[in-house]
**Q** 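Supplied in structure tokens, the structure appears directly below.
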Amino acid sequence: MCLGAILLHQVGRVLFGARDPYGGAGTSLQVIPPYFARRWEELEWIGPAYAQVCDELSQRVMRIVEQQEAAG
């Protein structure tokens, strides 16, 4: 949803905190319409800007999700 909003509203530059190999914009690229694919090429990505903080937060969230999935 965030990527769609960024592309739809023609945001030119995005500063992101950390990479997300399980989600985020990168996982959506295969399914975006051609119009948005062209916008994607024009978009400037800056980051990871706060990897030390965001990576730790992301890992904590993933542990919680994994625990919830294991509990079923």
Side-chain angles (χ1 to χ4, degrees):
M1 288 179 64
C2 294
L3 177 60
I6 289 167
L7 296 175
L8 182 64
H9 294 286
Q10 300 180 353
V11 172
R13 183 179 308 140
V14 175
L15 173 67
F16 65 97
R19 299 191 188 283
D20 182 359
Y22 302 106
T27 61
S28 304
L29 294 178
Q30 303 88 306
V31 295
I32 61 174
Y35 169 79
F36 290 121
R38 288 189 296 276
R39 281 289 302 137
W40 170 263
E41 294 170 1
E42 299 169 1
L43 187 57
E44 180 182 0
W45 291 92
I46 302 172
Y50 300 102
Q52 306 88 331
V53 176
C54 295
D55 284 345
E56 180 183 339
L57 176 61
S58 176
Q59 291 169 5
R60 286 182 14 212
V61 169
M62 289 307 298
R63 281 194 298 271
I64 291 169
V65 169
E66 289 168 358
Q67 290 171 355
Q68 289 176 345
E69 288 176 353

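We count residues from 1, following the sequence as given.
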**Q** Keeping the roles fixed (side chain from Arg39, backbone from His9), state whether a donor-acceptor pair exists under 3.5 Å.
**A**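 Between the backbone of His9 and the side chain of Arg39 there is no qualifying donor-acceptor contact (under 3.5 Å).
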
**Q** For Leu43 and Ile6, work out which heavy atoms get closest and say how close.
**A**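 The answer is CD2-CG2, 3.7 Å.
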
**Q** Side chains of Leu8 and Phe36, heavy atoms from C-beta outward: is any pair under 4.5 Å?
**A**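 Sidechains of Phe36 and Leu8: in contact.
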
**Q** Honestly curious: do Val11 and Ile32 fall in one hydrophobic cluster under the side-chain, below-4.5 Å linking rule?
**A**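 As far as the 4.5 Å side-chain criterion goes, Ile32 and Val11 are connected within one cluster.
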
**Q** Which heavy atom in Arg13 sits nearest to a heavy atom in Ile46, and how many Å separate them?
**A**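 Closest approach of Arg13 to Ile46, heavy atoms only: CD-CD1, 3.1 Å.
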
**Q** Do Tyr35 and Trp40 make a side-chain contact, defined as non-hydrogen atoms from C-beta onward lying under 4.5 Å apart?
**A**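 Counting from C-beta outward, Tyr35 and Trp40 never come under 4.5 Å.
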
**Q** Should Tyr50 and Val14 be regarded as members of a common hydrophobic cluster, given that ILVMFWY residues are connected when their side-chain heavy atoms come within less than 4.5 Å of each other, either directly or indirectly?
**A**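 No, no single cluster joins them.
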
**Q** Answer yes or no: is there an ion pair linking Glu41 with Arg38, defined by an N-O contact shorter than 4.0 Å?
**A**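 Salt bridge flag = no for Arg38 with Glu41.
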
**Q** Flag yes if Val65 and Leu57 sit in one hydrophobic cluster, no otherwise; membership is Ile, Leu, Val, Met, Phe, Trp, Tyr, and two members link when side-chain heavy atoms are under 4.5 Å apart.
**A**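 Val65 and Leu57: one cluster.
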
**Q** Please report the interatomic distance CE(Met62) to CZ(Arg60), rounded to the nearest 0.5 Å.
**A**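 Reported to 0.5 Å precision, the distance equals 14.0 Å.
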
**Q** Write down the atom of Gly17, the atom of Pro48, and the distance for their closest heavy-atom approach.
**A**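 Result for this residue pair: O-CB, 3.3 Å.
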
